[in-house]
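Here's the structure we're looking at; comments come further down.
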Number of protein chains: 2
Amino acid sequence: MVVNSSSELTDDEVDRIFRALADATRRDIVRRTLAGEASVSELAGAYAMSFAAVQKHVAVLEGAGLVTKKPRGRERVVRGNPDAIRRAQRLLDAYEQIWRSRIDRLDALLDSTPSQQQ
Amino acid sequence: MVVNSSSELTDDEVDRIFRALADATRRDIVRRTLAGEASVSELAGAYAMSFAAVQKHVAVLEGAGLVTKKPRGRERVVRGNPDAIRRAQRLLDAYEQIWRSRIDRLDALLDSTPSQQQ
DNA sequence: GCTATTTACAACCATGTGGTTGTACGTTAC
DNA sequence: GTAACGTACAACCACATGGTTGTAAATAGC
């Protein structure tokens with residue numbers, strides 16, 4: 001899974017999260033496994049590609065911490081990880097924040113500057 | 001820029017947004033240009049790589065709609081696009097929603113099922 | 001115990017990515 | 001006008017990515 005225990009994410013971890021989300025098949029796997037767990041072969045049945053290809057997609061998601069995989073008999077049960085989604089949300093929130101604080105600075109500047117009438 | 005005018009994003013557009021965010025240098029460019037506009041050469045000065053490399057990163061961000069680039073004299077002024085960030089946030093919110101509705105379903109199931117005392 | 005199912009993993013291939021250098025061109029400054 | 005600056009773009013390289021097929025091993029079902 002390769003996920004830092006601290007609440008702070010390294011650049012590599014963030015890279016992996018966004019990289020993993022940058023593929024429609026993988027996003028669909030995340031959707032399915034957030035809605036309900038599924039085995040790798042169940043997932044593989046849903047896409048027009050080989051079992052091995054789906055297996056690789058699951059591995060990428062697992063490496064990013066977006067899903068977990070645990071053995072049950074001969075199957076591997078894949079489950080979406082809502083925490084990873086929330087971590088990604090927090091990252092985007094940070095960018096929003098940067099934007100807002102810029103606007104705030106500009107607003108403050110306008111407030112403190114007597115308007116120049118023309 | 002290559003951004004759909006409708007509020008719905010295509011798979012390719014989503015791919016480009018997440019792909020663009022999956023690189024630390026590009027995330028830093030987004031941060032800087034959300035905080036305040038910068039020319040390509042100003043950005044290039046901030047990283048230990050060639051001007052052309054930074055130029056490519058900016059192009060990737062522009063292709064994802066995460067920044068805009070407009071000419072000013074001989075410079076190209078790069079500006080972060082908060083709307084694209086918000087679009088990405090909405091995407092992640094959708095996954096959160098899937099998770100929540102699953103929990104809701106499970107809760108409802110538990111509520112409607114008489115508890116089995118042991 | 002056999003057979004079918006499910007997974008793991010290696011090897012391979014085409015294409016994409018992130019970096020480089022080099023060259024050309026428009027704009028600014030003097 | 002000329003030199004310096006900022007940008008664009010092509011060509012190239014190493015490596016990653018997304019797909020394939022094939023083989024082997026663990027588990028389940030009969």
Side-chain angles (χ1 to χ4, degrees), chain A residues 1-2 10-33 36-79, chain B residues 1-2 10-33 36-79:
Chain A
M1 213 219 286
V2 198
T10 67
D11 278 351
D12 279 354
E13 286 167 343
V14 179
D15 285 3
R16 278 196 293 268
I17 292 174
F18 284 129
R19 188 83 197 67
L21 290 171
D23 180 281
T25 302
R26 286 197 292 262
R27 285 192 300 275
D28 197 65
I29 292 175
V30 169
R31 251 176 256 134
R32 286 175 187 268
T33 57
E37 60 185 29
S39 73
V40 179
S41 53
E42 280 168 353
L43 291 172
Y47 308 103
M49 66 184 71
S50 69
F51 175 84
V54 174
Q55 219 177 5
K56 282 191 186 184
H57 280 308
V58 171
V60 170
L61 289 168
E62 200 184 8
L66 285 162
V67 306
T68 58
K69 202 170 51 166
K70 80 169 185 191
R72 187 168 61 195
R74 64 184 165 188
E75 295 184 331
R76 298 293 180 274
V77 177
V78 183
R79 200 179 304 233
Chain B
M1 214 218 286
V2 197
T10 67
D11 277 351
D12 279 354
E13 286 167 344
V14 179
D15 285 4
R16 277 197 294 269
I17 290 174
F18 284 129
R19 188 84 197 65
L21 289 172
D23 179 282
T25 302
R26 287 198 290 263
R27 286 193 300 276
D28 198 65
I29 292 175
V30 170
R31 252 176 255 133
R32 285 174 187 267
T33 57
E37 60 185 29
S39 72
V40 179
S41 54
E42 281 168 353
L43 291 172
Y47 308 104
M49 66 183 71
S50 69
F51 176 84
V54 174
Q55 219 177 5
K56 282 191 185 181
H57 282 307
V58 171
V60 170
L61 290 169
E62 199 184 7
L66 284 162
V67 305
T68 58
K69 202 171 51 165
K70 81 170 184 189
R72 187 169 62 195
R74 63 187 165 187
E75 295 184 331
R76 298 292 180 273
V77 177
V78 182
R79 201 178 305 231

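Here is how names work: the chains are called A, B, and so on, in the same order as the sequence lines, proteins then strands, and each is numbered from 1. Predicted model only: the values in this text are computed from it and were never measured.
Nearest to the side-chain atoms of B/Glu75 among the listed nucleotides D/dG6, D/dG18, C/dT20 stands D/dG6. Between C/dT7, C/dG19, D/dG18, one nucleotide has an atom nearer to the side chain of A/Gln55 than all others, and that is C/dT7. The listed nucleotides are D/dC9, C/dG19, D/dG18; the one nearest the side chain of A/His57 is D/dG18. Residue B/Phe51 has its side chain nearest to D/dA8 when only D/dG19, D/dA8, C/dG18 are considered. Proximity note for B/Lys56 (side chain, C-beta onward) versus D/dA8, D/dG6, D/dA11: the nearest is D/dA11. In this structure, of C/dT7, D/dT7, D/dG18, it is D/dT7 that holds the atom nearest to the side chain of B/Ser39.
Atom OH in A/Tyr47 sits roughly 14 Å away from atom P in D/dT20 (whole-Å rounding). Rounded to a whole Å, the CZ atom of B/Arg16 is 14 Å from the C1' atom of C/dG16. As rounded to whole Å, 15 Å separates atom P of D/dA8 from atom NZ of B/Lys70. Regarding A/Met49, its CE atom lies at a distance of 16 Å from the C1' atom of C/dA14, rounded to whole Å. Atom CG of A/Asp15 is separated from atom P of C/dG18 by 10 Å (rounded to the nearest Å). Taking atom CZ on A/Arg19 and atom C1' on C/dT17, their separation rounds to 9 Å, with Å as the unit.
When atom types are taken as modelled, the side chain of B/Arg26 and the backbone of B/Leu21 share no donor-acceptor pair closer than 3.5 angstrom. Under the 3.5 Å distance criterion, the side-chain polar atoms of A/Glu13 are matched with a main-chain donor or acceptor of A/Thr10.
The side-chain hydrogen bond (donor to acceptor under 3.5 Å, both in side chains) search around A/Thr25 returns none, not counting sequence neighbours.
Of the two residues contacting DNA chain C, namely B/Val60 and B/Ala52, the nearest-nucleotide position lying further toward the 5' end is that of B/Val60. Between A/Thr25 and A/Gly73, it is A/Thr25 whose nearest contact on DNA chain D lies nearer the 5' terminus.
To the nearest 0.5 Å, the span separating CD on A/Glu42 from OG1 on A/Thr33 amounts to 11.5 Å. Atom NZ of A/Lys69 sits about 6.5 Å away from atom CD of A/Gln55, to the nearest 0.5 Å.
Contact annotation: A/Arg72 side-chain N/O to C/dT5 OP1/OP2 distance is not under 4.0 Å. In this model, the phosphate group of C/dA8 is approached by a side-chain N or O of A/Lys69 to a distance below 4.0 Å at OP1 or OP2. Look at A/Arg76 and you'll find a side-chain N or O under 4.0 angstrom from OP1 or OP2 of C/dA8. A sub-4.0 Å separation between OP1 or OP2 of D/dT20 and a side-chain N or O of A/Ser50 is present.
On a pure distance criterion of 3.5 Å, no polar donor-acceptor pair joins the side chain of B/Arg74 and the base of D/dT7.
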